[in-house]
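Everything below concerns the one structure shown next.
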There are 2 protein chains.
Amino acid sequence: MDIQLKRGLLDVCVLAAIKNEDSYGYQIIKDMKPYLELSESTLYTILKRLETADMLTVRSAEHGGRLRKYYHITGKGLARIEEFRDDWKEILPIYQFITREEAEHE
Amino acid sequence: MDIQLKRGLLDVCVLAAIKNEDSYGYQIIKDMKPYLELSESTLYTILKRLETADMLTVRSAEHGGRLRKYYHITGKGLARIEEFRDDWKEILPIYQFITREEAEHE
DNA sequence: CTATATACATCGTGATACGATGTATTCCAT
DNA sequence: ATGGAATACATCGTATCACGATGTATATAG
């Protein structure tokens, strides 16, 4: 997939990955993999950015003798997903504009 | 609309604007306006980029005593639009993933 | 004992949208 | 005729961002 196109989906996709259940880095990557692949360096950059923007909170918890950072979505994060729904309504006509077959003669 | 989301659509949208008919800067902005607004500085950056990538060719023509630069899409540019169609097939499941309502209890 | 998977983190780089700014011409209303 | 929109193209600097490279540390399987 085109990198630029991916950019617009990454943040919201990460938020969606923790929407129903708190999760941690490695798990988020696994859950997103079927839809959108991203590297660890990209994910941690995004998580930090979303935390700064108050779209998620972080809590450290021990698991199997090792620390894990669990990410929890906030109201602002949920609102961000709703904004994406609105953006989607604008994207559909754009898709039509781009893929329309016009003045194509037999 | 979210800037990041816009980024992924701009290039292809400009190509779509000249797909059926050669066009020039000011006209492209007008044609795209109902779908996606962009400033002149952004458009000329994009046109230059698409030219470098051989996705369009440029020709200067006089119009009303003034020079206009007309942009013409190439085979590579048309292929870029086809790629977008393919990307779209990947985007749809991502949209589902983001907006799914799961484990929402009454 | 060693390699692989898990887990988190930072740095540098290249790509890019856009506001600000500049130049020049045409057209219209006063 | 004169001044201000609208038309038309162009450049520069800045902020944002994805990602590869790289580093640390622990658990687990062969």
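Naming convention: chains lettered A, B, ... in sequence-line order (proteins, then strands); numbering from 1 in each chain.
- First and last contacts of DNA chain C with chain A, using any nucleotide atom under 4.0 Å from a protein heavy atom and ordered 5' to 3', fall at C:dT6 to C:dT16.
- Residue pairs that meet the salt bridge (Lys or Arg N to Asp or Glu O under 4.0 Å) test with at least one member in residues 22-31 of chain A, sequence neighbours left out, are A:D22-A:R59.
- Applying the side-chain contact (heavy atoms from CB on, under 4.5 Å) rule to A:D54 yields the partners A:K76; only residues at least two apart in sequence or on another chain are considered.
- For the side-chain hydrogen bond (donor to acceptor under 3.5 Å, both in side chains) test, residues two or more places apart in sequence or in another chain that qualify with A:R49 are A:D11.
- A:I3 belongs to no multi-residue hydrophobic cluster, having no ILVMFWY side-chain contact under 4.5 Å with any other such residue.
- Contacts between residues 67-87 of chain A and DNA chain D, counted as heavy-atom distances below 4.0 Å, involve no residue at all.
- Across the protein-nucleic acid pair, A:D2 atom CG and D:dC19 atom P stand 11 Å apart, rounded to whole Å.
- In terms of the side-chain hydrogen bond (donor to acceptor under 3.5 Å, both in side chains) criterion, B:S23 has no residue partners (sequence neighbours excluded).
- Residues from residues 44-63 of chain B that place a heavy atom under 4.0 Å from any atom of DNA chain D, listed by number: B:Y44, B:K48.
- Residues forming a salt bridge (Lys or Arg N to Asp or Glu O under 4.0 Å) with B:K33 (at least two apart in sequence, or on another chain): none.
- Scanning for side-chain contact (heavy atoms from CB on, under 4.5 Å) contacts around B:E90 gives A:M1, B:D87, with sequence neighbours left out.
- The closest side-chain donor-acceptor pair between A:T45 and A:T42, if any, does not fall under 3.5 angstrom.
- Put simply, the side chain of B:L92 does not reach to within 4.5 Å of the side chain of B:I94, judged on heavy atoms.
- Between A:R85 and B:E101 there is a salt bridge, with a side-chain nitrogen of the basic residue lying less than 4.0 Å from a carboxylate oxygen of the acidic one.
- Residues of residues 30-42 of chain B having a heavy atom closer than 4.0 Å to DNA chain D, listed by number: B:K30, B:E40, B:S41.
- When atom types are taken as modelled, the side chain of B:K19 and the backbone of B:I81 share no donor-acceptor pair closer than 3.5 angstrom.
- With rounding to whole Å, B:L5 atom CG is found 18 Å from D:dT16 atom P.
- Each ring-ring contact (aromatic ring centres under 6.0 Å, His included) pair with one or both residues in residues 18-59 of chain B, not counting sequence neighbours, appears once here: A:F97-B:Y35, B:Y24-B:Y70.
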